[in-house]
Amino acid sequence: MTVITDEFMMGMLSKTKAYTLVLLKSGPNNQHPEMKSLIWEHVRRNFTLRKEGLLSVVTPVSDETDLKGMGIFNADIEQTRHLMEQDPCVQAGIFTFEIHPTRSFPGDLLPA
């Protein structure tokens with residue numbers, strides 16, 4: 001088993017950066033008559049935010065809970081709140097969201 005020293009941990013922790021975590025939840029209008037097309041535009045917007053470097057990680061949640069997705073934004077809380085308020089599915093009440101400050105390591109990635 002790999003041994004991680006206190007010095008290694010302190011060095012790594014000093015490299016973390018602030019990000020904003022968004023939890024996307026089912027909203028009050030989750031049976032919206034135009035839901036399919038609105039979700040399509042929500043996904044298109046996520047691709048745009050990814051391309052612009054603002055949405056670093058996006059993961060839909062596919063179980064039967066009210067949690068519908070998670071995103072990690074490379075933006076502060078207020079900018080992230082503004083971005084989420086502009087989301088077509090949030091505006092239509094299909095989704096609601098929670099925002100939480102978090103920290104992580106720049107350059108981390110999901111395994112291929």
Side-chain angles (χ1 to χ4, degrees):
M1 184 169 178
T2 303
V3 175
I4 301 296
T5 65
D6 290 349
E7 292 78 18
F8 176 82
M9 288 175 50
M10 293 301 291
M12 289 300 293
L13 291 172
S14 72
K15 297 175 184 178
T16 64
K17 177 183 178 296
Y19 297 96
T20 303
L21 170 70
V22 172
L23 300 176
L24 200 61
K25 296 185 172 186
S26 184
N29 202 8
N30 60 13
Q31 298 298 318
H32 193 286
E34 297 177 33
M35 189 161 121
K36 191 171 185 173
S37 64
L38 287 166
I39 288 177
W40 187 250
E41 293 310 314
H42 160 82
V43 172
R44 183 188 315 277
R45 189 166 182 279
N46 284 347
F47 277 114
T48 300
L49 293 171
R50 285 182 72 234
K51 190 165 184 95
E52 292 174 354
L54 292 168
L55 182 54
S56 301
V57 176
V58 59
T59 60
V61 173
S62 58
D63 60 14
E64 298 299 319
T65 66
D66 282 340
L67 184 62
K68 298 302 174 193
M70 186 275 307
I72 298 177
F73 283 77
N74 185 22
D76 66 27
I77 288 177
E78 289 310 313
Q79 183 181 13
T80 302
R81 184 180 319 283
H82 177 73
L83 290 168
M84 290 306 301
E85 288 170 348
Q86 304 307 311
D87 184 280
C89 286
V90 170
Q91 290 180 339
I94 295 168
F95 297 139
T96 63
F97 64 91
E98 290 180 13
I99 292 179
H100 302 275
T102 191
R103 299 191 69 78
S104 191
F105 301 99
D108 268 5
L109 54 96
L110 299 171

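We number each residue from 1, following the sequence as shown.
Side-chain atoms of Thr20 come within 3.5 Å of backbone atoms of Ala75 as a donor-acceptor pair (strictly under, hydrogens ignored). Side-chain atoms of Asn29 come within 3.5 Å of backbone N or O of Ala92 as a donor-acceptor pair. Thr48 contributes a side-chain N or O that, together with a main-chain N or O of Arg44, makes up a donor-acceptor pair within less than 3.5 Å. Proximity of a side-chain donor or acceptor of Lys36 to a complementary backbone N or O of Pro33 within less than 3.5 Å is not detected. Gln91 places a side-chain N or O within donor-acceptor distance of the main-chain N or O of Glu85, the cut-off being under 3.5 Å.
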- Message: If you apply the rule side chain to side chain contact (heavy atoms under 4.5 Å, CB included), what do you find for Asn74 with Leu54, and how did you get there?
- Response: CA-CA 5 Å; Asn74 185 22; Leu54 292 168; 5.6 Å; no
- Item | Intermediate values then yes/no, side chain to side chain contact (heavy atoms under 4.5 Å, CB included), Val61 and Lys68 | CA-CA 5 Å; Val61 173; Lys68 298 302 174 193; 5.7 Å; no
- Task: Kindly determine whether Val3 and Phe8 satisfy side chain to side chain contact (heavy atoms under 4.5 Å, CB included), including the steps that lead there.
- Result: CA-CA 10 Å; Val3 175; Phe8 176 82; over 6 Å; no
- Candidate pair Met70 and Ile72, rule side chain to side chain contact (heavy atoms under 4.5 Å, CB included), full reasoning: CA-CA 7 Å; Met70 186 275 307; Ile72 298 177; 3.8 Å; yes
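Around the NE2 atom of His100, the shell of radius 6.0 Å holds more than 12 heavy atoms that belong to other residues, nucleotides or ligands.
Between Ile99 and Val22 there is a side-chain heavy-atom pair separated by less than 4.5 Å. Between Pro106 and Tyr19 the shortest side-chain heavy-atom distance falls below 4.5 Å. His42 is listed as a side-chain neighbour of Leu24, based on a closest heavy-atom distance under 4.5 Å.
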